Amino acid sequence: MKIELAKTEVIHFIGIGGIGMSGLSLIMKGKGFKVQGSDLNINKNIERVKKEKIKIFIGQKKQNLKNATIVVVSSAIKKNNPEVIEAKRKNLPIISRGKMLAHIVSLMKNIVVAGSHGKTTTTSLVASIFQKTKLDPTIINGGVINSIKNTAKLGNSDWSILEADESDGSFIHIPPTYSIITNIDREHMDFYKSMDDLKKYFVQFIEKVPSFGKSFICIDDKFNYEIVKNLKTQNFYTYGVNPKSNFLIKNIIQNKKFTEFDLHVNVPNKKKLSIKKIKTPLIGIHNVRNSTAATAVALTIGISVSDIKKGLLNFGGVQRRFNKIFTYNNIDFFDDYAHHPTEIKVVLDGVKKVYPEHDKVCIFQPHRISRLKDLRKEFSSSFKNADTVILCPIFTAGEKIKLGFSYLNFAKEIIKNSKVRLFLINNEYELANFLKKNMYGKKIVIGMGAGSISNWMRKLPNLI
């Protein structure tokens, strides 16, 4: 269904506190629409949209829809939500966030970043490169970009840079001019049911790119590599450390301050190019790949090597992506969004390379019962590059399902499969108490998870 949006509409966002919903609401407000929204609790995203004079209802009830003419819902909103029920009763159009995003950007030139991991950082890196040019893009991201202190920004050009959310399949509605596919992993299986189903969605997304655009696909990832072999259209470039890559990563050097690498560019019908000493203030091979994706798309649309290098070198980072938050007893404490086994592995791998002499302490809060059930074995062996794991209770994200196994046994599996010391804690106060007694010597501490662990980490300085 094609939605024609008149400026007289009042657009109500159910779940406006979500990172994607808050970003989209800011863009629509900036475009002149009347926007309002509701959520169950106040959070930082809501505080950001409030600053833009967007009306917010805390608590979700039918009265909130009194003036609404269009309703936007995120994938997290259930069908029995009182506002959804009221919207149906009033026959209001109910549009998913993905479809609304597609409508808003359909008349723009888009760079759309998709994949299971690394989307937010890659989107932010592309945005950082654009900021070194006269192009002023609209940005909608899945994390707070430090340089703009927000998840979204309305630009003055006809370019947009978007992070596409694959959790509910809605990313295939977005019409990309250029697309980046970072990787494909076993994630959101409550929606996809099988890996074949998930891969089909990504194929559909890649094949939506028009002939005058391009897809950029990381072939270091095994599922991406499988997809590339079976694509009907050859309208894509590849990147990675795989020797077959069009954008081939070479000579990686990593230290605490920056990562440096060279890039050999070999694309059909174009002169070969070698770019030396690209620097980024990020650690880990995964971030070299993310930086390469951003470089590849920027080069292809004609941004100079000089602007690309400046954009990557001056990248200000994204909140919750290996951010240092405080130091205690000469020990640095970091916060990271890693909540999937693959993400945990790549973060710890990067940390090991630049902090080889430090004991790695990982504070892990599993996010969603369903994810832990589905990936129990993978989680148990994902901490091999850690020395100590502090295991927190599961952040359920509202899920009411049964775990189906003993949490204590899961803790024992981590000890056995990752060869680590492990401590179980019940809350943030026990965590603070443990750290107070045990944090001395040469250590680095990383909080990981997508739930409340970030807030716990930020409260620690006052508790210890």
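Model, not experiment: these values are computed from the prediction.
Between Phe423 and Phe434, the angle of the ring planes lies from 30° to 60°, which puts this pair in the tilted group. Taking the six-membered ring where tryptophan is involved, the planes of His367 and Phe395 are essentially parallel, since the angle between them stays under 30° and well short of 60°.
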Quick one: do Phe216 and Thr295 satisfy side chain to side chain contact (heavy atoms under 4.5 Å, CB included)? Show the steps, please.
-> CA-CA 10 Å; Phe216 299 84; Thr295 301; over 6 Å; no

Determine, step by step, whether Leu391 and Ile425 satisfy the side chain to side chain contact (heavy atoms under 4.5 Å, CB included) criterion, reporting the C-alpha distance in whole Å, the side-chain angles of both residues, the deciding distance to 0.1 Å, and the verdict.
-> CA-CA 6 Å; Leu391 185 61; Ile425 55 112; over 6 Å; no

Take Phe171 and His173 through the test ring pair (Phe, Tyr, Trp, His ring centres under 6.0 Å) and record every step on the way to the result.
-> CA-CA 5 Å; Phe171 73 115; His173 300 301; 9.1 Å; no

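Neither side chain, Lys200 nor Tyr192, offers a donor N or O lying under 3.5 Å from an acceptor on the other. A side-chain N or O of Asp332 and one of Thr327 form a donor-acceptor pair less than 3.5 Å apart. For Asn246 and Thr238, the side-chain atoms include at least one donor-acceptor pair closer than 3.5 Å. Of the N and O atoms on the side chains of Thr280 and Asn287, not one donor lies less than 3.5 Å from an acceptor on the other residue. Judged by distance alone, the side chains of Thr233 and Glu207 never bring a donor and an acceptor atom under 3.5 Å apart. With 3.5 Å as the limit, one finds no donor-acceptor pair spanning the side chains of Ser74 and Arg97. For the residue pair Asn426/Glu430, the side-chain donor-acceptor check at 3.5 Å is satisfied. Checked by atom type, the side-chain pair Ser194/Asp196 shows no donor-acceptor distance below 3.5 Å. With no hydrogens or angles considered, no side-chain donor-acceptor pair links Asp185 and Ser116 at under 3.5 Å. Donor-acceptor pairing under 3.5 Å is lacking for the side chains of Ser381 and Asn417. If you check the side chains of Ser179 and Ser215, you find a donor sitting under 3.5 Å from an acceptor. A donor-acceptor contact closer than 3.5 angstrom is absent between the side chains of Asn141 and Thr120.
A salt bridge is absent between Lys443 and Asp387: the closest approach of a Lys/Arg side-chain nitrogen to an acidic carboxylate oxygen does not fall below 4.0 angstrom. Residues Arg421 and Asp359 are paired through a salt bridge, judged by an N-O separation under 4.0 Å between the basic side chain and the carboxylate. We find that Glu378 and Lys384 are not joined by a salt bridge, their nearest charged nitrogen and carboxylate oxygen being 4.0 Å or further apart. Remark: Asp335 engages Arg458 in a salt bridge, criterion side-chain N to carboxylate O under 4.0 Å.
Geometric assessment of Lys324 against the ring of Phe334 yields a negative cation-pi assignment under the 6.0 Å and 45° thresholds. Taking the centre and axis of the six-membered ring of Tyr239, the NZ or CZ atom of Arg289 falls outside the cone set by 45° and 6.0 Å. For the pair Lys377 and Phe379, the NZ or CZ position fails the cation-pi test of under 6.0 Å to the six-membered ring centre and within 45 degrees of the ring normal. In this structure, Lys214 satisfies the cation-pi test against Tyr237, with its NZ or CZ atom closer than 6.0 Å to the six-membered ring centre and inside 45 degrees of the ring normal.
Side-chain rings of His340 and His117 approach one another, their centers coming within less than 6.0 Å.
In terms of the side chain to side chain donor-acceptor pair (under 3.5 Å) criterion, residue partners of Lys353 (sequence neighbours excluded) are, by chain and number, Asp349. With sequence neighbours excluded, the residues satisfying side-chain contact (heavy atoms from CB on, under 4.5 Å) with Ser304 are Ser306, Asp307.
Of the possible donor and acceptor atoms, one in the side chain of Asp336 sits under 3.5 Å from a partner among the backbone N and O of Ala338.
Atom CG in Asp262 sits 6.0 Å away from atom OG in Ser274 (nearest 0.5 Å). One finds the CZ atom of Phe13 at 5.5 Å from the CE atom of Met28 (value rounded to the nearest 0.5 Å).
Residues Gln365 and Met448 fail the side-chain proximity criterion, which asks for heavy atoms closer than 4.5 Å.
When Arg371, Arg368, Lys119 are each tested for a salt bridge (charged side-chain N to carboxylate O under 4.0 Å, His left out) with Glu187, only one passes: Arg371.
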